[in-house]
Amino acid sequence: MAARLRSAAIGEAEIEARLLVGAVLGLDLTGLITQAGRPLTAAESSQLERYAQRRLVGEPVARILGSKEFWGLPFQLSDATLVPRPDTETVVALALEIFRDDPASGRPPRIADIGVGSGAILLALLHEIPDAFGVGTDVSLTALGTAKSNAAALGLAHRSAFIACYYAAALAGPFDLIVSNPPYIPSGDIANLSVEVRDYDPRLALDGGNDGFDAYRALIPQAAQLLAPGGALVVEAGQGQARGIETLMAAAALEVERPPKADLAGVLRAVSARKMPP
């Protein structure tokens, strides 16, 4: 399996092969090692071949398996949700830094995730902030259903709610923390994305309009109205977009207090601002 993936120039072929074989056999890494010599049954061979063919035409392993780990937590996926990526963990990390520097006082904190998708960002934050309550919005009912299922599977259903609306249009504040990974790819760039993204992630979650900033122009003013005094907005940014996002935040009367946070590749990936008390 790994050799076939390598021959197709698929990166991390060994890791992906282990994931696919482990899924077919129902084994973790330890099980794969201890049972390395076990022959496959006909049914297992057939299933593994189907998985291999799907991966060889570009379908991501996470789509094949229907799940992806994010922030150390398992998330089920659907056709209406992005595959959560390590880059987006930068948003969670920055949001936690901001919250822990200045936590909400005297009451359980309220968090909103605008464009919640699978629920990865919101549920990671609820996992880390045990007394918080979170609300996720999305225009896709399928995505909301996926997020709700993930909340239940992670034991967070009682601290979360999910609402269908355009960005934050149906929310009522105040919120102590608002986060978002909005669509930010310029429309003209989508055709040049990797096949794993272009052909398998939902376009609605990718397309940020002609310049990639349509979603930011919509959600930043909404978030500014919904934040509690002292509350913070944290959004994911595409490459080269951080400064433009900060300009939009400042225009919405939000204070940019700290520099954007870079992901592991050095891209300024998470941008934040705070609503200052009157």
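Computed from a predicted structure; not experimentally measured. Residue numbers start at 1 and run along the sequence shown.
Looking at Glu255 and Arg274, no side-chain N of the basic residue comes within less than 4.0 Å of a carboxylate O on the acidic one, giving no salt bridge. The pair Asp176-Arg107 meets the salt-bridge criterion, with a side-chain N (NZ, NE, NH1 or NH2) lying under 4.0 Å from an Asp/Glu carboxylate O. Of the charged side-chain nitrogens involved, at least one lies within less than 4.0 Å of a carboxylate oxygen, so that Lys261 and Glu97 count as a salt-bridged pair. A salt bridge is defined here as a Lys NZ or Arg NE, NH1 or NH2 lying under 4.0 Å from an Asp or Glu carboxylate O, and Glu89 with Arg269 fails to meet this definition. Ion pairing between a basic and an acidic side chain is recognised when a charged N comes within 4.0 Å of a carboxylate O; Glu44 and Arg38 show such pairing. Between Asp263 and Arg85 there is no salt bridge, since none of the side-chain N atoms of the basic residue sits less than 4.0 Å from a carboxylate O of the acidic one. Using a 4.0 Å cut-off between a side-chain N of Lys or Arg and a carboxylate O of Asp or Glu, Arg217 and Asp211 qualify as a salt bridge. Remark: Arg63 engages Asp201 in a salt bridge, criterion side-chain N to carboxylate O under 4.0 Å.
A single hydrophobic cluster is not seen to contain both Phe99 and Phe175; linkage of ILVMFWY side chains at heavy-atom distances under 4.5 Å, directly or through other members, places them apart. By the rule that hydrophobic residues join a cluster once side-chain heavy atoms approach within less than 4.5 Å of another member, Leu94 and Val256 end up as members of separate clusters. Cluster annotation: Leu125 and Val116 are assigned to the same hydrophobic cluster (Ile/Leu/Val/Met/Phe/Trp/Tyr, side-chain heavy-atom contacts under 4.5 Å, transitive).
In this model, a donor atom of one side chain and an acceptor atom of the other lie less than 3.5 Å apart for Tyr184 and Glu236. For the residue pair Gln47 and Arg50, a side-chain donor N or O sits within less than 3.5 Å of a side-chain acceptor on the partner.
Only one option out of Arg54, Arg55, Arg6 pairs with Glu16 in a salt bridge (charged side-chain N to carboxylate O under 4.0 Å, His left out); it is Arg55.
Side-chain N or O atoms of Glu246 include none that pairs as donor or acceptor with a backbone N or O of Arg243 at under 3.5 Å. Checked by atom type and distance alone, the side chain of Ser160 never pairs as donor or acceptor with a backbone atom of Val135 at under 3.5 Å. Not a single donor-acceptor pair under 3.5 Å links the side chain of Asp138 to the backbone N or O of Leu144. The backbone N or O of Gly145 sits less than 3.5 Å from a side-chain atom of Ser149, completing a donor-acceptor pair. Formation of a donor-acceptor pair under 3.5 Å by the Lys275 side chain with backbone atoms of Ala224 is found in this model. One N or O on the side chain of Arg159 and one on the backbone of Leu126 form a donor-acceptor pair closer than 3.5 Å.
Every residue two or more places apart in sequence or in another chain that forms a ring-ring contact (aromatic ring centres under 6.0 Å, His included) with Tyr216 is listed here: Phe213. Under the ring-ring contact (aromatic ring centres under 6.0 Å, His included) criterion, Tyr167 pairs with no residue, sequence neighbours left out. For Glu128, the salt bridge (Lys or Arg N to Asp or Glu O under 4.0 Å) test picks out Arg100, with sequence neighbours left out.
Between atom CD1 of residue Ile178 and atom CG of residue Asp113 there is a gap of 10.0 Å, rounded to the nearest 0.5 Å. A distance of 9.5 Å separates CD1 of Ile121 from CZ of Phe75, quoted to the nearest 0.5 Å.
The side-chain heavy atoms of Leu40 and Leu25, taken from C-beta on, include a pair separated by under 4.5 Å. Between Leu20 and Val61, the closest side-chain pair of non-hydrogen atoms falls below 4.5 Å. In this structure, Asp87 and Val267 have side chains that are not in contact, with every pair of non-hydrogen atoms separated by 4.5 Å or more.
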Kindly indicate, with the supporting measurements, whether the criterion side chain to side chain donor-acceptor pair (under 3.5 Å) is fulfilled by Ser118 and Thr81.
-> CA-CA 6 Å; Ser118 66; Thr81 64; 5.3 Å; no
Step-by-step side chain to side chain contact (heavy atoms under 4.5 Å, CB included) determination, Ile245 to Ile220 | CA-CA 9 Å; Ile245 293 169; Ile220 289 173; 4.1 Å; yes
Report the C-alpha separation of Leu77 and Tyr200 in whole Å, then their side-chain angles, then the decisive distance to 0.1 Å, and conclude whether the side chain to side chain contact (heavy atoms under 4.5 Å, CB included) test is met.
-> CA-CA 12 Å; Leu77 307 177; Tyr200 293 97; over 6 Å; no
